2 protein chains.
Amino acid sequence: MTAHGTHGRRPTLEEVAARAGVGRGTVSRVINGSPRVSEQTRAAVEEAVAELGYVPNTAARALAANRSDSIAVIVPEAESRFFSEPYFSGMVGGVGLALADTNLQLLLTFARGEREQDRLTAYLAAHRVDGVLLISVHADDPLADRLLQLDIPTVISGPRSADEPLPSVDTDNYEGARSAVAHLVSRGRRSIALIAGPQNVYGAERRTAGYVDQLAADGIAYDEKLVAYADFTEEMGRRRMAELLERAPGLDAVFACSDLMASGARQVLREAGRRIPQDVSLVGFDDSVIARHMEPGLTSVRQPTRDMGRAMAELLLDEIADAAAGKRSSVRRGTPRHLVLPTELVVRGSS
Amino acid sequence: MTAHGTHGRRPTLEEVAARAGVGRGTVSRVINGSPRVSEQTRAAVEEAVAELGYVPNTAARALAANRSDSIAVIVPEAESRFFSEPYFSGMVGGVGLALADTNLQLLLTFARGEREQDRLTAYLAAHRVDGVLLISVHADDPLADRLLQLDIPTVISGPRSADEPLPSVDTDNYEGARSAVAHLVSRGRRSIALIAGPQNVYGAERRTAGYVDQLAADGIAYDEKLVAYADFTEEMGRRRMAELLERAPGLDAVFACSDLMASGARQVLREAGRRIPQDVSLVGFDDSVIARHMEPGLTSVRQPTRDMGRAMAELLLDEIADAAAGKRSSVRRGTPRHLVLPTELVVRGSS
DNA sequence: ATCACTTATGGGAGCGCTCCCACCCTACTT
DNA sequence: AAGTAGGGTGGGAGCGCTCCCATAAGTGAT
């Protein structure tokens, strides 16, 4: 490694070629790892590259090859949850990790209002990103369909329905919920309330299904008075908990579909004089930092956000490779790949 | 807005020119908002752009203009705190917010081990980013100096020393610490322990200074037995708290320089049978999600991470503009700009 | 009417790569 | 001996822009 002239103009491929005494094409081949280069020549070129501190210009490469070596991660900034929920940062971190071993860039993009569709489409067109990672899409998010239609390799972070056409990575929401309920039952609880997430979010719906099925499996009758629907936020957790307490004062356990809602529920329970876990067991979902720091510690269904991010990136790389290999849309779409990562119940003092 | 041919090749500048019946140069001028275009022509071009759904190709533009319209945000992934501390996600979110109004892209980069220096430098060279945002640099981080020397517009998120040569954005660590101590004193506490951050981090050092000075201002003698140094982590918070309790069993308050350390301290205090806040008042720093969900709520010095991110982006834009305006290095370096954002003490049950 | 400016516009010359075709040379075939 | 593959290599032709110079047209002063 030699000093590459402090700053100023960086060497070009052509200069490397001149230095190594070969043609431009050959240097290009070496840079891109083509096998059609003799050992000698390769060594000579590599030496020239090192001596000159040559680094290929991304823009030139993107222009000539018509690929950008970058992927866009689109986060719904509108909900501004990126700032409060570790879910997003975990995901993004995982993606970054997976990409570090690649030469792909991570373009982070915040999708503001639903109306930003056009802006985003233009953005993707302008950058000709090789792929897109869409985090947290609602069942009615139009962006996902747009991407599908544009035929840009895309992976989303939670299928929008059971027959999601786009490849996806998700946690096993259904089993996660079952494990939570099973755990509560094993603790002797029989009157288990559910604070569910928005049912237009597929993952939230799966959790509800898991709750229902596990109750049945344990021979406990489903009681709709014990079920309330919220939107994952703390405030709604409070409201629904208060309502549940009114409707079903005899409940002895609560399964909230997010830690945030569990936190809201806890406050209401406490104000109502119910002790946790003596009077009421509480279980959350996410195993976020909140769960670890709540008092008592919140039993929660852990989502491996970091692994999810990593998995998304890896799946996307496959998609991009497939697309490049010429398996065009119609063929590829035959079998979208859906990855489901297992959850893990982290038991703490609240149950 | 018209359908831009479902997918396939996107229109080029030249096609827009042909359609509008003008030359390439003129379209370029319109796209880039040059004033040297007549109203008529401008309108004609804009219509052609809309009809064709033209979006300029970023790569081509970057190549021709030798600027990338993108900035890199470098986060020290090594510490993997990105995943656990809201500090980072808040920052990044703020940056994203500020950039949304620009046409600049956000390249998110994780700086792994200290040895990644070369990789990163190559990365920046390859992408010819217009600027760099460096989050959380240690006093001895070599990357910052490298950037300075490379003459790439850079803003860092916390000066490394009192005479930081790079522009920076920071919270008022000193005043934040003072407000925390003043608050504890106002609660009648006189034996206030400090769990300080690593003193090679300038911001942490400033907090220590604030602690010292405020004690003096309140006429309380400094007692080194009440001061312990840690590294911002929960585990170290635990360890140091245990040591403090041994060295100074009579302490009646603790100021921890991060919420995470405060959380660790709380556990130890509780195990030692000290009640919070009756026996010992506890104050943290960051006002992260942890503070809000601790039991009792943790009084904490709030850092406006989101605003900091936004401020960093804005400062960087200025830097880039200055650099482009030809005020070269030597001149620019005369007065690096340092922005210091105020903190706010959020009082909760722990004090 | 002439000259000197100013303003609007067209288009050539790259930016630094990749792609691909032509070419050379050696190594086998028949 | 001539013929046929190939591997290895050089370099032309772009990719889609921006920059800038040349040119055309318009404006007011002489």
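On a predicted model such as this, the values are computed, not experimentally measured, just so you know.
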**Report entry** B/G23 vs A/V27, nearer the 5' end of DNA chain C by closest nucleotide
**Finding:** B/G23
Query raised in the report: Step by step, would you call A/D145 with A/R160 a salt bridge (charged side-chain N to carboxylate O under 4.0 Å, His left out)?
Result: CA-CA 11 Å; A/D145 285 325; A/R160 292 163 295 165; 3.3 Å; yes
Query raised in the report: If you take atom types as modelled and just measure distance, does the side chain of A/R24 reach the base of D/dG12 with a donor-acceptor pair under 3.5 Å?
Result: yes
Query raised in the report: So, do A/M312 and A/S157 sit near enough that their side-chain heavy atoms are less than 4.5 Å apart?
Result: yes
Query raised in the report: Which heavy-atom pair separates B/T109 from B/A72 by the least distance, and what is that distance?
Result: OG1-CB, 4.3 Å
Query - Interatomic distance, B/E14 CD vs C/dG10 P [rounded to whole Å] - result: 12 Å
Query raised in the report: Whole Å only: how far is the CZ atom of A/R128 from the C1' atom of D/dC15?
Result: 10 Å
Report task. Give one of base, sugar-phosphate or nothing for A/N66, where a contact means two heavy atoms less than 4.0 Å apart. Result -> nothing
Requested in this report: Among the candidates D/dC17, C/dG10, D/dT18, find the nucleotide nearest to the side-chain atoms of B/Y54.
Outcome: D/dC17
Query - Any donor-acceptor pair under 3.5 Å from A/H338 side chain to A/E164 backbone - result: yes
**Report entry** Short side-chain N/O contact to D/dC17 OP1/OP2 from B/S28, under 4.0 Å
**Finding:** no
Report summary line: Side-chain atoms of A/T26 come closest, of C/dC17, D/dG10, D/dC15, to D/dG10
Query - Between P of D/dC17 and CG of B/L13, the distance in whole Å - result: 5 Å
Report task. Report the distance from atom CG of B/L63 to atom P of D/dG16, rounded to the nearest whole Å. Result -> 12 Å
Report summary line: Ranking D/dT18, C/dG16, C/dC20 by distance to the side chain of B/R61, first place goes to D/dT18
Query - Distance, rounded to the nearest Å, where B/D69 contributes CG and D/dC17 contributes C1' - result: 12 Å
Query raised in the report: Near DNA chain C, under 4.0 Å by heavy atom, which residues of residues 30-42 of chain A?
Result: A/N32
Report task. Measure across B/T12 and B/Y54 and return the closest heavy-atom pair with its distance rounded to 0.1 Å. Result -> C-CE1, 3.6 Å
Query raised in the report: Is there a donor and acceptor pair closer than 3.5 Å between the side chain of B/R29 and the base of C/dG10?
Result: yes
Report summary line: Per atom distances to the A/A64 side chain, the nearest of D/dG14, D/dT18, C/dG10 is D/dG14
Query raised in the report: Any side-chain heavy-atom pair from A/R310 and A/L341 closer than 4.5 angstrom?
Result: no
Query - Heavy-atom closest contact (A/V92 atom, A/L106 atom, distance) - result: O-CD1, 4.4 Å
Report summary line: Considering only heavy side-chain atoms of A/V22, the closest of D/dC17, C/dG10, D/dG10 is D/dG10
